[in-house]
Amino acid sequence: MPELPEVETVCRALSPVLEGAILQDVVIRQFSLRFPVPPNFHEKLVSRRIVKVQRRAKYLLIELDDGGVIIGHLGMSGRMTIYRVGDNVPLPGRHDHIDFKVVSGDLVRFSDPRRFGLMILTEAGILKEHALIKNLGPEPLNPDFTGAALADRLKGCKSSIKSALLDQRKVAGLGNIYACESLFRSGISPNRRAKNVQGIRAIKLMQAVQSVLTEALEAGGSSIRDHIQPNGKLGYFQKCFQVYGREGAPCPTCNCDWLVTGGIKRIIQAGRSTFYCPRKQR
DNA sequence: CTTTGGGCCTGGACGC
DNA sequence: TGCGTCCAGGCCCAAA
């Protein structure tokens with residue numbers, strides 16, 4: 001499911017429930033995720049107080065009062081569901097891998113049918129050096145990540161700009177959907193070499209990235225396939241997609257005759273689908 | 001060093 | 001209804 005806006009939505013939903021809460025029990029039903037859930041996961045968490053819930057790139061970071069940190073990732077199909085005290089908590093299904101129960105009676109359930117997600121432990125003091133964290137690029141919604149900074153990071157990069165946007169070392173948090181949408185908004189061809197996205201193009205791209213992510217966040221993320229917010233509401237940014245998943249549809253902004261042009265194209269780059277308008281994007 | 005492609009998993013959509 | 005095929009928002013890792 002989740003790219004930056006979806007993970008941020010999850011993070012914002014979890015924060016008021018978990019921050020300050022003491023973990024009463026952690027039930028692990030499935031240890032086999034992208035990386036195994038560590039054997040001491042339960043022991044390290046129970047009776048600890050959660051002090052902070054944060055996001056870095058597409059990772060959730062849940063910090064404990066003893067300096068422990070849970071690194072969580074939702075993979076492609078991961079979901080967090082919040083049950084407030086008194087809510088009816090359904091019996092766990094086969095994909096409900098971990099329950100975090102806090103003393104107030106609230107419960108957070110991690111589910112992930114495809115098990116590409118992960119839930120592991122580290123320590124706050126060494127978090128920044130953790131293999132999963134240390135190579136992450138800057139956060140695109142950080143205001144000091146400018147077009148010039150992006151251009152600098154793309155220097156010498158021989159891959160396509162589309163593939164570069166998916167590289168978490170260059171920009172953290174973009175996935176296939178928001179990479180496609182950002183390129184469309186900025187009028188840049190996904191096939192352009194990344195190193196040639198400089199100057200005004202890089203500025204426009206960075207503005208597009210930030211506006212797409214901000215609007216998606218305001219919509220509660222995109223609900224395609226099974227992504228829903230932890231409160232059960234559907235995000236609705238998928239209604240705003242201009243190219244993603246719209247192969248053959250007329251381009252929403254150029255008034256070319258789409259019966260002639262064929263409208264939005266789908267191509268494969270580095271094994272991933274890219275959607276774009278060849279007329280608007282150069 | 002950089003870049004690409006395979007693989008990890010399951011479920012849903014589609015064609016026959 | 002059932003079966004096979006293809007596809008999916010991510011990321012690690014081996015290979016080129």
Side-chain angles (χ1 to χ4, degrees), chain A residues 1-11 29-37 55-60 71-80 93-97 110-120 130-137 140 153-183 190-196 209 212-213 216-217 219-229 234-248 266-275:
Chain A
M1 70 170 222
E3 306 180 33
L4 186 153
E6 291 76 32
V7 181
E8 180 67 23
T9 299
V10 169
C11 184
R29 304 186 189 83
Q30 173 62 272
F31 284 81
S32 171
L33 301 177
R34 176 149 60 91
F35 299 130
V37 178
R55 178 191 61 75
R56 172 74 173 108
K58 300 172 196 169
Y59 293 96
L60 284 170
I71 302 180
H73 196 290
L74 301 174
M76 305 250 285
S77 56
R79 178 191 298 186
M80 296 289 222
R94 62 184 294 231
H95 302 308
D96 297 331
H97 305 318
F110 170 64
S111 315
D112 184 9
R114 293 180 67 184
R115 288 193 272 134
F116 286 1
L118 65 91
M119 220 38 92
I120 57 173
H130 193 281
L132 295 175
I133 304 292
K134 66 178 179 188
N135 292 321
L136 292 172
R153 300 187 74 80
L154 295 176
K155 280 193 179 128
C157 180
K158 283 182 283 206
S159 67
S160 67
I161 183 62
K162 161 67 177 350
S163 295
L165 288 179
L166 294 182
D167 184 341
Q168 301 297 300
R169 294 167 301 185
K170 302 218 165 34
V171 186
L174 288 184
N176 208 29
I177 292 174
Y178 298 111
C180 289
E181 294 295 321
S182 299
L183 287 167
N191 289 313
R192 181 176 282 274
R193 295 304 93 187
K195 63 183 176 182
N196 294 333
V209 166
V212 166
L213 294 178
L217 204 43
S222 303
S223 298
I224 80 172
R225 297 182 222 303
D226 54 3
H227 170 66
I228 57 174
Q229 300 179 52
L234 292 170
Y236 53 86
F237 189 72
Q238 69 280 3
K239 298 184 193 307
C240 305
F241 292 170
Q242 294 181 287
V243 288
Y244 184 81
R246 307 189 68 243
E247 181 181 15
R266 182 170 81 102
I267 59 174
I268 303 294
Q269 293 179 289
R272 312 290 306 276
S273 285
T274 299
F275 298 88

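Naming convention: chains lettered A, B, ... in sequence-line order (proteins, then strands); numbering from 1 in each chain.
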S.K.: Consider only side-chain N and O atoms of Ser111(A) and Arg79(A), and report whether a donor and an acceptor are under 3.5 Å apart.
M.R.: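 No.
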S.K.: Out of dC9(B), dG11(B), dT3(B), which nucleotide sits closest to the side chain of Lys158(A)?
M.R.: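 Among dC9(B), dG11(B), dT3(B), the one nearest the side chain of Lys158(A) is dT3(B).
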S.K.: CG of Leu154(A) versus C1' of dT3(B): gap in Å, rounded?
M.R.: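 Value for this atom pair: 15 Å.
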S.K.: Looking at Ile268(A), is its backbone amide N or carbonyl O close enough to the side chain of Arg272(A) to form a donor-acceptor pair, meaning the two atoms are under 3.5 Å apart?
M.R.: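 No.
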S.K.: Provide, to the nearest angstrom, the distance between the CG atom belonging to Asn191(A) and the P atom belonging to dT4(B).
M.R.: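 Taking CG of Asn191(A) and P of dT4(B), I get 12 Å after rounding.
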S.K.: Tell me, with the steps shown, if Ser222(A) and Phe241(A) meet side chain to side chain contact (heavy atoms under 4.5 Å, CB included).
M.R.: CA-CA 9 Å; Ser222(A) 303; Phe241(A) 292 170; 3.5 Å; yes
S.K.: Classify the ring geometry between Tyr59(A) and His73(A) as parallel (under 30°), tilted (30 to 60°) or perpendicular (over 60°).
M.R.: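 Rings of Tyr59(A) and His73(A): perpendicular, as their planes differ by over 60°.
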S.K.: Quick one: Phe31(A) CZ to dC8(B) C1', roughly how many Å, whole number?
M.R.: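 For the pair Phe31(A) CZ and dC8(B) C1', the rounded distance is 20 Å.
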S.K.: Can you confirm whether the side chains of Asn191(A) and Lys162(A) place a donor and an acceptor under 3.5 Å from each other?
M.R.: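 Short answer, no.
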S.K.: Cut-off 3.5 Å, side chains only: do Ser160(A) and Arg193(A) have a donor facing an acceptor?
M.R.: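 No.
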S.K.: Check the phosphate of dC8(B) against Arg115(A), side-chain N and O only, distance under 4.0 Å to OP1 or OP2. Yes or no?
M.R.: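 Indeed not, no polar side-chain atom of Arg115(A) lies that close.
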S.K.: Figure out the CG/C1' separation between Leu165(A) and dG10(C), and round it to whole Å.
M.R.: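 The distance from CG of Leu165(A) to C1' of dG10(C) comes to 15 Å, rounded to the nearest Å.
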S.K.: For nucleotides 11-15 of chain C, print each protein N/O atom paired with a nucleotide N/O atom at under 3.5 Å, atom names and distance only.
M.R.:
| unit_1 | atom_1 | unit_2 | atom_2 | d |
| --- | --- | --- | --- | --- |
| dC11(C) | OP1 | His73(A) | NE2 | 3.0 |
| dC11(C) | OP2 | Lys58(A) | NZ | 3.1 |
| dC11(C) | O3' | Arg34(A) | NH1 | 3.4 |

S.K.: Taking only residues two or more places apart in sequence or in another chain, which ones pass side chain to side chain contact (heavy atoms under 4.5 Å, CB included) with Arg56(A)?
M.R.: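 With sequence neighbours excluded, Arg56(A) shows a side chain to side chain contact (heavy atoms under 4.5 Å, CB included) to Leu61(A), Leu136(A), Glu139(A), Ala172(A), given in chain and number order.
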S.K.: What is the separation between atom CG on Asp96(A) and atom P on dT10(B), rounded to the nearest whole Å?
M.R.: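 Value for this atom pair: 15 Å.
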S.K.: So, applying side-chain contact (heavy atoms from CB on, under 4.5 Å) with Pro140(A), which one of Val212(A), Leu4(A), Leu165(A) is it?
M.R.: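 Among Val212(A), Leu4(A), Leu165(A), the one that satisfies the side-chain contact (heavy atoms from CB on, under 4.5 Å) with Pro140(A) is Leu4(A).
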S.K.: To the side chain of Arg266(A), which of dC8(B), dT10(B), dC7(C) is closest?
M.R.: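 Nearest to the side chain of Arg266(A) among the choices is dC7(C).
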S.K.: Starting at the 5' end of DNA chain B, what dot-bracket string do you get if Watson-Crick and G-U pairs under 3.5 Å are bracketed, crossing pairs use [ ], other-strand pairs use | and unpaired bases use dots?
M.R.: .|||||||.|||||||
S.K.: Expressed in angstrom and rounded to an integer, what is the separation of Glu6(A) atom CD from dA8(C) atom P?
M.R.: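 Nearest whole value for this atom pair: 17 Å.
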S.K.: Taking the side chain from Gln269(A) and the backbone from Ser163(A), do they hold a donor-acceptor pair closer than 3.5 Å?
M.R.: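 Checked: no pair found.
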S.K.: Rounding to a whole Å, what distance do you find between Leu60(A):CG and dG10(C):P?
M.R.: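 Atom CG in Leu60(A) sits about 15 Å away from atom P in dG10(C).
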S.K.: dC9(B) base to Arg114(A) side chain: any donor-acceptor pair below 3.5 Å?
M.R.: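 Checked by distance alone, the answer is yes.
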S.K.: Would you kindly give the CG-to-P distance between Leu33(A) and dT10(B), to the nearest whole Å?
M.R.: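 Whole-Å distance recorded here is 12 Å.
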S.K.: Mind checking the P distance from dC3(C) to dC9(B)? Whole angstroms is fine.
M.R.: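 The answer is 24 Å between these two P atoms.
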